[in-house]
Amino acid sequence: MTEPFTAPQRLPAWAALSAHARRLDGRPLLGFFVDDPARAERLSLNFANPVESRQSALVADFSKQHFDDAAFADLIQLAREAQLDEGIRRLFAGEAVNFTEGRAAAHMAMRDGCPLPDKREAGGAGAMRAFAFALREGKLAGSGGKPIRRLVNIGIGGSDLGPRLATEALAGLQADGGSPAVDFVANIDPRDLDTALARAEAASTLFIISSKSFGTAETLANAEAARQWLREKLGGNADIGAHFAAVSNAVEAAAAFGIRSERVFPLPEWVGGRYSVWSAIGLPVLAAIGGAFDEFLAGGQAMDEHFRSAPFERNLPVWMGLAGLWNTDFLAIESLAALPYAHGLRSFPAWLQQLEMESNGKRTLRDGSRSKVATAPVVWGGTGTVGQHAFHQLLYQGSRRVALDFIVPVGGNDPRQRALVDNALAQAAALMTGRDLAAARAALARRELPASEIERLAPHLVCTGNQPSTTLLLPRLDAFYLGALLALYEHKVFVQGWIWGINPFDQYGVELGKEMARALAAGQTGGQDASTARLAALAERFRQQTS
Ligand code: F6P
């Protein structure tokens with residue numbers, strides 16, 4: 001039974017928004033600020049850590065987005081007409097918003113942001129905590145009695161990207177004497193595991209096999225390779241089990257692999273992989289940062305509370321979702337660049353890629369029909385200022401518009417840190433303002449070039465500008481604000497999925513490629529297209545030559 005559902009383009013607000021898009025087309029973004037000194041403040045929202053002064057808050061500035069108040073009001077109206085309030089209610093009530101698989105998406109319960117949909121599945125958080133703290137206190141020993149001092153997390157997708165991001169972001173800030181070194185291994189390419197093993201001493205290393213399904217080919221192959229390595233290094237009689245733990249929903253499969261049952265930390269079925277860093281999948285993060293993990297959860301939980309209770313007019317995930325939807329569907333902008341200005345957030349674009357593209361990279365709607373409007377953008381990006389010396393050129397002078405999210409933790413007074421933040425703000429401004437022909441000529445004239453040279457070069461200096469952006473200014477990068485940031489994007493994705501009418505919580509698409517890979521691995525010939533069959537045969541020949 002499919003639920004009755006109105007596709008968004010049939011809602012009255014959609015037509016109004018199309019009219020706004022036509023009206024605003026060609027109007028320079030900078031023009032919105034003329035005679036409207038209050039725009040920046042009006043189109044910004046604050047989100048504070050409740051235990052801090054409100055002076056110190058995350059500030060989300062949407063004023064460089066290409067809409068005016070009237071368009072923005074109709075975006076809010078669209079959310080109302082799409083009954084987003086009912087969607088939020090269902091999400092937090094633990095109803096089956098994952099409607100294809102018939103289950104809740106209650107990752108918020110892992111941070112106390114909503115009740116547990118099923119109390120029998122609390123997720124074994126207590127046991128996982130005890131294990132992580134024993135490790136931090138040096139009470140967890142390898143087979144030869146040496147304390148465990150290094151973790152290697154073997155997992156992929158959601159079992160890698162979230163914990164990797166959180167560890168990179170916070171381990172440097174929160175590490176203390178108890179913190180083990182942590183490596184993340186995702187790829188089935190042997191070099192990934194080999195690189196981590198080259199740094200490791202077997203006697204003091206623990207592998208966390210992190211896989212919700214415990215059926216992911218890459219993870220299982222790397223887990224097996226890790227076991228072989230331990231046997232070689234520690235000898236056949238060593239207690240290899242002392243060097244493994246697992247996080248999985250498939251507790252029996254993990255046990256069948258040989259992991260001791262008391263070291264298999266479950267995560268509930270209703271926590272999706274890409275939403276799972278808050279659950280036992282966060283084990284390496286907890287081990288690395290200890291008590292600060294609670295602050296991380298508190299940040300996520302505060303965002304849940306805000307999302308659930310703030311009116312749409314002041315609701316940050318709602319604004320994020322609507323701004324993105326406006327760019328995708330009304331300005332026909334096809335990609336979103338995530339630009340964190342923080343080395344600690346270097347894995348943020350990859351994490352966001354999975355979150356947005358695996359969640360909303362779909363076109364089948366709740367009623368089984370096909371979406372007539374564009375859904376998830378292509379998400380990409382990289383850290384500033386590094387990207388400024390590489391791909392920002394296309395943002396300045398390329399042929400397409402790109403939506404930009406600047407994520408800017410301010411931090412302390414180190415001159416390089418100040419420069420980092422100045423650069424972020426300058427990029428957002430320059431990419432909005434651009435440089436027209438007259439300004440290009442003026443810039444060249446200041447170089448005292450001959451008039452003919454000025455005319456020849458000026459068109460090449462023109463920057464179109466008008467790249468719309470949102471800036472998230474964080475007081476600093478800490479566990480609370482990281483938690484809030486990740487939960488903000490999770491809820492943004494929910495807002496968009498709900499309005500588009502797609503299910504953000506399944507991922508049937510990726511199964512197709514897995515099936516094909518299994519067929520190739522099994523040497524099944526036939527049924528493949530001529531190109532693939534030929535390439536597979538060539539690969540086989542190269543293998544013979546190499547070995
Ligand atoms: O193939 C996609 C996917 O299922 C993701 O959704 C998931 O995060 C990843 O693989 C890893 O899955 P698992 O944790 O079950 O190994």
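Start at 1 and go down the list; that is how both ligands and their atoms are numbered. None of the values given here were measured: they were computed from a predicted structure.
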### Query
At a 4.0 Å threshold, what atoms of ligand 1 neighbour a non-hydrogen atom of Thr216?
12 (O), 13 (P), 15 (O), 16 (O)
### SB check Lys492 Glu356 (cutoff 4.0 Å)
yes
### Query
What protein heavy atom is closest to atom 8 (O) of ligand 1, reported as residue, atom name and distance in Å?
Gly158 N, 2.8 Å
#### Entry: Glu511 and ligand 1 - part of the residue with a heavy-atom distance under 4.0 Å
neither
#### Entry: Gln507 neighbourhood, listing ligand 1 atoms whose heavy-atom distance to it stays under 4.0 Å
6 (O)
### Message
What protein heavy atom lies closest to atom 9 (C) of ligand 1? Include the residue and the distance to one decimal.
### Response
Ile156 O, 3.6 Å
### Query
Which one of Ser159, Ala250, Gly215 has a non-hydrogen atom at the shortest distance from atom 14 (O) of ligand 1?
Ser159
### Message
Under the side-chain contact (heavy atoms from CB on, under 4.5 Å) test against Pro317, which residue among Leu488, Leu322, Asp304 passes?
### Response
Leu488
#### Entry: Glu540 with Arg543: basic N within carboxylate O range, under 4.0 Å
yes
## Note on the structure
When distances are taken from atom 2 (C) of ligand 1, the protein heavy atom at minimum range is Glu358 OE2, 3.3 Å
### Query
Which of the atoms in ligand 1, numbered in the order shown and given with their element, are less than 4.0 Å from a heavy-atom of Lys514?
1 (O), 2 (C), 4 (O)
## Note on the structure
In this structure, atom 15 (O) of ligand 1 is nearest to the protein heavy atom Ser213 OG, 2.6 Å
#### Entry: Heavy-atom pair with the smallest gap, counting every atom of Asp160 and Asn153
CA-ND2, 4.5 Å
### Query
Hey, does Lys212 come in under 3.5 Å of ligand 1, counting only N/O atoms on both sides?
yes
## Note on the structure
Numbered in order shown, the ligand 1 atoms found under 4.0 Å of a heavy atom of Val510 are 1 (O), 2 (C)
## Note on the structure
Numbered in order shown, the ligand 1 atoms found under 4.0 Å of a heavy atom of Gly157 are 8 (O)
### Message
Looking at ligand 1, is there an atom of it that comes within less than 4.0 Å of some heavy atom belonging to Glu218?
### Response
no
### Message
Pairing donors with acceptors under 3.5 angstrom, does anything connect the side chains of Trp500 and Asp329?
### Response
yes
### Query
Got a salt bridge between Arg89 and Glu95, using NZ or NE/NH1/NH2 to carboxylate O under 4.0 Å?
yes
### Carboxylate-amine/guanidinium contact Asp478 Arg476, below 4.0 Å
yes
#### Entry: His243 side chain to Ser143 side chain, donor-acceptor N/O pair below 3.5 angstrom
yes
### Task
Go through the steps for Phe348 and Tyr489 under the test ring-ring contact (aromatic ring centres under 6.0 Å, His included), then give the verdict.
CA-CA 11 Å; Phe348 181 84; Tyr489 277 92; 5.3 Å; yes
